[in-house]
Amino acid sequence: MTTDSFASFHVHQAASARDTDPHLCRALLECWVDVTNDGGAAGFPLPPIDIQHAAPALDAIIEGLAPHTSRLLTAWDGGELVGWLHLRRDPAPLTAHWGTVHHVQTHPSVRGRGIGAALMEHAHHVARTEMGLEQLHLAARAGAGLESFYARLGWKEIGRWPGALRLAPGDDRDEILMLLHL
């Protein structure tokens with residue numbers, strides 16, 4: 001596990017399941033639940049959720065961690081998890097030059113402190129210098145203001161899937177496809 005400092009918080013990186021422990025997993029689950037239940041676009045469409053909803057998805061992320069293909073970046077303020085994201089690539093030869101950022105989350109209690117931006121900058125660095133990627137992709141939920149956040153960080157909107165995400169009956173949202181050249 002590696003660590004870098006940003007202002008008052010630190011970013012840690014897990015590149016294998018061995019880099020995780022029960023404390024980290026519990027903190028990730030609690031953050032995921034809090035972000036989702038606060039309306040965050042974190043992979044679960046119909047809040048409220050609880051830890052049992054998020055646990056299988058987190059287990060799959062942890063099990064898939066590998067230095068070449070999958071990294072978990074976490075931001076900590078003291079002993080508290082304040083944000084995280086998942087960075088991965090498909091090793092298939094046709095697509096091995098790009099990766100995807102998933103589950104970008106900042107705990108609702110600390111939003112506005114630059115934690116999300118720092119996590120994204122760290123993901124950019126890890127993708128380019130450690131994983132050898134040339135570009136990053138992500139999909140963001142429309143209607144949450146996410147496209148302007150990512151645009152400030154250099155991401156470009158490259159398309160949309162209209163109505164791709166059904167959050168509730170009558171609440172369909174576009175999925176915004178974004179790209180960052182490294």
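FYI, the numbering just counts along the sequence from 1. This one's a predicted model, so the numbers in the text were calculated from it and none came from an experiment. Basis for what follows: all heavy atoms, side chains included, without hydrogens, waters or symmetry-related copies.
- Asp171 contributes no side-chain N or O that, together with a main-chain N or O of Leu167, makes up a donor-acceptor pair within less than 3.5 Å.
- Under the side-chain contact (heavy atoms from CB on, under 4.5 Å) criterion, Arg160 pairs with Ala142, Glu147, Glu157, Asp174, Ile176, sequence neighbours left out.
- Atom CG of Leu87 and atom CD of Glu130 lie 9.5 Å apart (nearest 0.5 Å).
- As a member of the Ile/Leu/Val/Met/Phe/Trp/Tyr network built from side-chain separations under 4.5 Å, Trp98 groups with nothing else and remains a singleton.
- The minimum heavy-atom distance between Ala123 and Leu136, with the atom names listed, is O-CD1, 4.4 Å.
- Using a 30° and 60° split on the angle between ring planes, His125 and His122 fall in the tilted class, from 30° to 60°.
- Checked against side-chain contact (heavy atoms from CB on, under 4.5 Å), His107 has the following partners two or more places apart in sequence or in another chain: Cys31, Asp34, Ser109, Val110.
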Which side-chain N or O atoms in residues 45-64 pair as donor and acceptor under 3.5 Å with protein atoms at least two apart or in another chain?
unit_1, atom_1, unit_2, atom_2, d
Asp50, OD1, Gln52, N, 3.0
Asp50, OD1, His53, N, 3.3
Asp50, OD1, His53, ND1, 3.0
His53, ND1, Asp50, N, 3.0

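- Contacts of Glu175 classified as salt bridge (Lys or Arg N to Asp or Glu O under 4.0 Å), with partners at least two apart in sequence or in another chain: none.
- Under the side-chain contact (heavy atoms from CB on, under 4.5 Å) criterion, Ile158 pairs with Leu177, Leu179, sequence neighbours left out.
- Within the 4.5 Å cutoff, the side chain of Leu72 has heavy atoms near those of the Leu28 side chain.
- Counting only residues at least two apart or in different chains, salt bridge (charged side-chain N to carboxylate O under 4.0 Å, His left out) contacts with residues 75-103 comprise Asp77-Arg113.
- Contact record, Ala14 with Thr20: CB-CG2, 4.2 Å, taken as the closest heavy-atom pair.
- Thr106 has its side chain out of reach of Val35: every pair of non-hydrogen atoms, C-beta onward, lies at least 4.5 Å apart.
- Contact detail for Leu85 and Met120: the closest heavy-atom pair is CD2-SD, 3.8 Å.
- Arg152 meets the side-chain contact (heavy atoms from CB on, under 4.5 Å) test with Ser148, Phe149; sequence neighbours excluded.
- Sorted by first and then second residue, the ring-ring contact (aromatic ring centres under 6.0 Å, His included) pairs with a member in residues 14-39 read His23-Trp76, Trp32-Phe44, Trp32-Trp84, Trp32-His103; sequence neighbours excluded.
- Closest non-hydrogen pair, Leu153 versus Ala117, comes out as CD2-CB, 3.9 Å.
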Under the side chain to side chain contact (heavy atoms under 4.5 Å, CB included) rule, what do Leu133 and His124 come out as? Steps first, then yes or no, please. CA-CA 9 Å; Leu133 298 174; His124 176 180; over 6 Å; no
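- Side-chain contact check for Arg111 versus Asp38: some heavy-atom pair is nearer than 4.5 Å.
- Using a 4.5 Å heavy-atom cutoff, the side chains of Gln13 and Leu65 are not in contact.
- Note: Met131 CE to His68 NE2 = 7.5 Å, rounded to the nearest 0.5 Å.
- Through direct or indirect side-chain contacts shorter than 4.5 Å among Ile, Leu, Val, Met, Phe, Trp and Tyr, Leu94 is connected to no other residue.
- Counting heavy atoms from C-beta on, the side chains of Leu24 and Thr74 come closer than 4.5 Å.
- By the side chain to side chain donor-acceptor pair (under 3.5 Å) test, Thr36 is found to be paired with no residue, residues two or more places apart in sequence or in another chain being considered.
- Among residues two or more places apart in sequence or in another chain, the side chain to side chain donor-acceptor pair (under 3.5 Å) test is passed with Trp155 by none.
- The two atoms that bring Phe9 and Gly114 nearest to each other are CZ-O, 4.0 Å, heavy atoms only.
- With salt bridges taken as basic N to acidic carboxylate O contacts below 4.0 Å, none links Arg71 and Asp19.
- In this structure, the side chains of Val104 and Leu119 stay at 4.5 Å or more apart for every pair of heavy atoms.
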